[in-house]
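Heads up: the structure comes next, in structure tokens.
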Amino acid sequence: MSSTSHLHGLNPEQREAVLQTDGPVLVLAGAGSGKTKMLVHRIAHLIRSKKAEPSQVLAVTFTNKAADEMRERVRAFAGDAAKDVVISTFHSLGVRILREHGARLGLPRRFAIYDTRDQLGALKTATSEIHIDDDRFDLARVLRRISDWKTRGVTPERADREVAAEAMKGNRTDEYDLLSAQAYGRYEEVLRACGAVDFDDLLLLPVRLLEEDEETRRAVWKRWRYIMIDEYQDTNGVQLDMARHLAGARRNLCVVGDDDQSIYAFRGADVSNILDFEGHFPGARVIALEQNYRSTKRILQAANAVIAGNAHRHPKSLRTENPEGPPLDLYEHEDDALEAETVAKEIGLRRYRNATAWKDYAVLYRTNVQSRVLEETMREKNVPYRVVGATGFFERREVADGVAYLRAVAHPADEIAIRRIINTPTRGIGRTTIFRVIELARERGRTFCGMLRRISDEDVGTAQAKAIRGFEALLDRARKSLDEAEARSAHFPPGTGLPPIAEWAMDLFRDRTGLIDSVKEDEHRVINLKDLVGALARYERRRWSEKPDAGEEWEPPTLHDALARLALDSEEDDKDDDEQDAVVLMTLHSAKGLEFDEVFLVGLEEGILPHSRSLVDEEGGAGALAEERRLLYVGITRARRRVTLSRCTQRRRGGETVECLPSRYLEEIPAELVTVKTAEQILTPEESAELKKNFFRDMKELLAE
DNA sequence: CCAGGGGTCCTTTTT
DNA sequence: GGACCCCTGG
């Protein structure tokens, strides 16, 4: 077999990118240009041409969703030979490196991973300890500042010096800068004392290891010989460093991305990483994928017109051989309730007329709050929908409590988790007692958790001390029974019932802690807790299904590992799998990388898109507006067949009604591509009757099932 | 000292 | 729907 015979089905650009396996390569992949297909072929080519063992190939993505999808497609295309290829997110890769080599940085073998909520808790501990009145400050803002330093690799000492230097020069220093610099160091200490790392650390610490530790470096270079990075335009400074270290002297690095789809500057992503790739990796080949396979000509023209307004871009021009397609629609509504209603009606009508499925339609918005009205209206009109992303499963109070219990058991030093559940359900340990414990811990130079373990009747009241001892005993017993559950889970494949760790968790929530009992008046909350147990069960089964055939190393399922995955994969909750037939609601950010037949882009107004925060220029500068434009570009290019835009002249925000002006980007779309409509035009009385009949029929079908 | 009820404010985008 | 605060009653 010739080594290139499997490349048919690719266009010449894609083929060139696949075959370019030595040295650094930048693939500028326009929207809808089949870049995932190209990556899948590239992986297969590396294996088939015997350039690398499957396990020496590493593909890095940003989201678990993207990793899952690529894994699936690689397996479908290249079969079992490719199952050892490592496809991982940056953060999971970080966990992997830290588990193996983190001890060199003094990290415990089983560290906790803190999400934003936990980070805020840790920051609050940190600021209260240095006697900063936290009421006056928005800690989320302080945290963003700290995170910003971390993603740029700035240490607390350097942050302190920089801020002090600015103040010395008499520059107007933000009091937030001063506070953040002070809090930063203490925040890091709190994390270490809790045996925890935050999301930034998952990138930062592995890079530090790769820089400072020869052994880690050698291990990584030995392990992976061909590196691929998807969505490269979203990398930040630390991720660029990681890319450099992973590639090493071999520089077999292939990055794929589209600078026009860079939408994560707010979390440190730096477009210049992709714009200056040839500077960072001299001698790099640059290949552009400019053929679009996804959208109609009109959609592409509209998208191109919008993005053309941005100055600093890699020049490229997308073309397509797809049909012209219908014009884009633009609705102008009186308010957001009417907007939602029209979207729901339109989808119902079009689905009926075109005999399409609910899941062919997506509604995209700039901010999560916008989903509220849409959800209400969809429910009202019996349109099945699915909200992707935020206010997710893990943010529900009871689920967060459940997870905190799991963490309190798995990580005895995890102060944030323990403080969250020490009095849920209430067991007589109130605020005053907690403050007393914090005070005592400081006086005696102990950690909060250490203090809890040694509390005496004289330290707090007798009743309180008893309650604390009871709580500690509860955790101890839970730890012992977890050991047994993990032992069973390691030795026996899961049967039909709940696997051991999941069963243990169920027992913990139901009997040991009374958590389920405390929420039993709300059926939903009980179900959510059971779903959390279900997530553990799925984890255990998956772990077993990944067990290699013989001899090879395999990590049996553990609660600690399950928690790490849960923390990194917020989508873990889509138990009712992706294939359910429902309209998809999500933010423009979540939509990147996806495609739909029809896309509704709502809220195209000044203040929403572009978002008001990008106008006031906190630290984003002029770049913020360019990023808003890219968001719209991403939104438009998600559609295969049809795009419907809408805006409102009024919108309810909080309690009051505010006036809205059309988004500045709307007038940049050539008028001949757009049909302007008003809500009255969509449905004639006959159509509306037709629609009703349709719903009736659906209901009947549903009941028949 | 603790629990629970009833106000207030707020919400850019995410691993 | 949250997180947070203040108030009341045990």
Side-chain angles (χ1 to χ4, degrees), chain A residues 60-67 88-95 113-117 119-121 124 134-135 138-141 144 147 151 197-204 231 234-236 238-239 262-269 364-372 375-376 388-392 394-398 400 420 423-436 460-465 467 518 524 564-571 586-592 603 607-616 618 620 624 627-628 630-631 634-635 653-655:
Chain A
V60 186
T61 63
F62 275 78
T63 65
N64 288 289
K65 203 183 219 165
S88 163
T89 65
F90 270 105
H91 291 85
S92 304
L93 184 66
V95 170
I113 300 169
Y114 276 10
D115 67 12
T116 312
R117 192 206 301 245
Q119 285 179 278
L120 277 173
K124 204 163 186 179
D134 26 304
D135 286 11
D138 173 10
L139 287 187
R141 188 168 158 192
R144 277 199 301 275
S147 174
T151 53
V197 298
D198 64 17
F199 284 139
D200 297 324
D201 289 329
L202 291 178
L203 307 174
L204 195 58
E231 305 284 9
D234 291 328
T235 50
N236 61 31
V238 180
Q239 284 159 329
S262 162
I263 52 176
Y264 283 105
F266 70 90
R267 68 173 189 205
L364 309 182
Y365 38 80
R366 176 64 176 78
T367 67
N368 282 303
V369 265
Q370 292 173 261
S371 76
R372 271 287 263 292
E375 286 185 69
E376 279 167 24
V388 175
T391 33
F394 291 97
E395 267 137 83
R396 311 252 169 78
R397 200 171 42 94
E398 67 282 6
R420 181 175 177 101
N423 203 33
T424 22
T426 55
R427 49 171 73 87
I429 309 170
R431 228 182 45 188
T432 321
T433 305
I434 298 295
F435 279 134
R436 181 79 192 120
V460 292
T462 320
Q464 285 71 246
S518 72
H524 273 298
R565 287 169 195 242
L566 248 43
L568 294 178
D569 190 357
S570 48
E571 299 292 317
M586 64 185 148
T587 62
L588 288 162
H589 283 88
S590 311
K592 194 173 58 142
I608 294 193
L609 187 71
H611 194 273
S612 49
R613 298 265 185 156
S614 64
L615 303 172
V616 289
E618 199 172 310
E627 183 145 314
E628 297 291 305
R630 290 193 290 266
L631 270 171
V634 167
R653 206 150 67 192

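It should be emphasised that the depicted structure is a prediction, and the values quoted were computed from it without experimental measurement.
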Could you tell me how far apart [X] ([atom1]) and [N] ([atom2]) are, to the nearest whole angstrom?
| X | N | atom1 | atom2 | value |
| --- | --- | --- | --- | --- |
| A/Asp138 | B/dT12 | CG | P | 10 Å |
| A/Arg420 | C/dA3 | CZ | C1' | 10 Å |
| A/Glu375 | B/dT11 | CD | P | 20 Å |
| A/Asn64 | B/dT14 | CG | P | 15 Å |
| A/Glu628 | B/dT12 | CD | C1' | 8 Å |
| A/Phe90 | B/dT14 | CZ | C1' | 15 Å |
| A/Arg141 | B/dT11 | CZ | P | 12 Å |
| A/Leu203 | B/dT15 | CG | P | 13 Å |

pi-stack flag for A/His91 and B/dT15, centroid dist under 5.5 Å, interplanar under 30°: no
pi-stack flag for A/Phe266 and B/dT13, centroid dist under 5.5 Å, interplanar under 30°: yes
Would one find a side-chain N or O of [X] under 4.0 angstrom from OP1 or OP2 of [N]?
| X | N | answer |
| --- | --- | --- |
| A/Arg144 | B/dT12 | no |
| A/Thr587 | B/dT14 | yes |
| A/Ser590 | B/dT14 | yes |
| A/Lys124 | C/dC4 | yes |
| A/Asn368 | B/dT13 | yes |

Close aromatic pair by centroid cut-off 6.0 Å: A/His611 and A/Phe266: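 No, they do not, as the ring centres are separated by 6.0 Å or more.
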Electrostatic pair A/Arg630:A/Glu627 at N-O distance under 4.0 angstrom: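 Result for this pair is yes, salt bridge flagged.
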Salt-bridge present (A/Glu628, A/Arg366; N to O < 4.0 Å): yes
Might you list the N or O atoms of the protein lying below 3.5 Å from N or O atoms in nucleotides 2-6 of chain B, with each pair's distance?
| from | atom 1 | to | atom 2 | distance (Å) |
| --- | --- | --- | --- | --- |
| B/dC2 | OP1 | A/Gly430 | N | 2.9 |
| B/dC2 | OP1 | A/Thr433 | OG1 | 2.2 |
| B/dC2 | OP2 | A/Thr432 | N | 3.4 |
| B/dC2 | OP2 | A/Thr432 | OG1 | 3.1 |
| B/dA3 | OP1 | A/Gly428 | N | 2.9 |
| B/dA3 | OP2 | A/Asn423 | ND2 | 3.0 |

Toward the 5' end of DNA chain B, by each residue's nearest nucleotide, A/Arg436 or A/Leu631: A/Arg436
4.5 Å side-chain heavy-atom contact, A/Lys592 and A/Phe62: no
Sugar-phosphate, base or nothing in reach of A/Tyr264, heavy atoms under 4.0 Å: sugar-phosphate
Touch class at under 4.0 angstrom, heavy-atom based, for A/Phe199 against every strand present: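 It contacts base atoms.
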Side chain [X], main chain [Y], donor-acceptor under 3.5 Å:
| X | Y | value |
| --- | --- | --- |
| A/Asn423 | A/Ile429 | yes |
| A/His91 | A/Leu202 | no |
| A/Asn236 | A/Gln239 | yes |

Minimum heavy-atom distance A/Ile263-A/Asp234, with the two atoms named: N-OD1, 3.6 Å
Residue A/Arg613, side-chain atoms from C-beta onward, closest of B/dT15, B/dT11, B/dT14: B/dT11
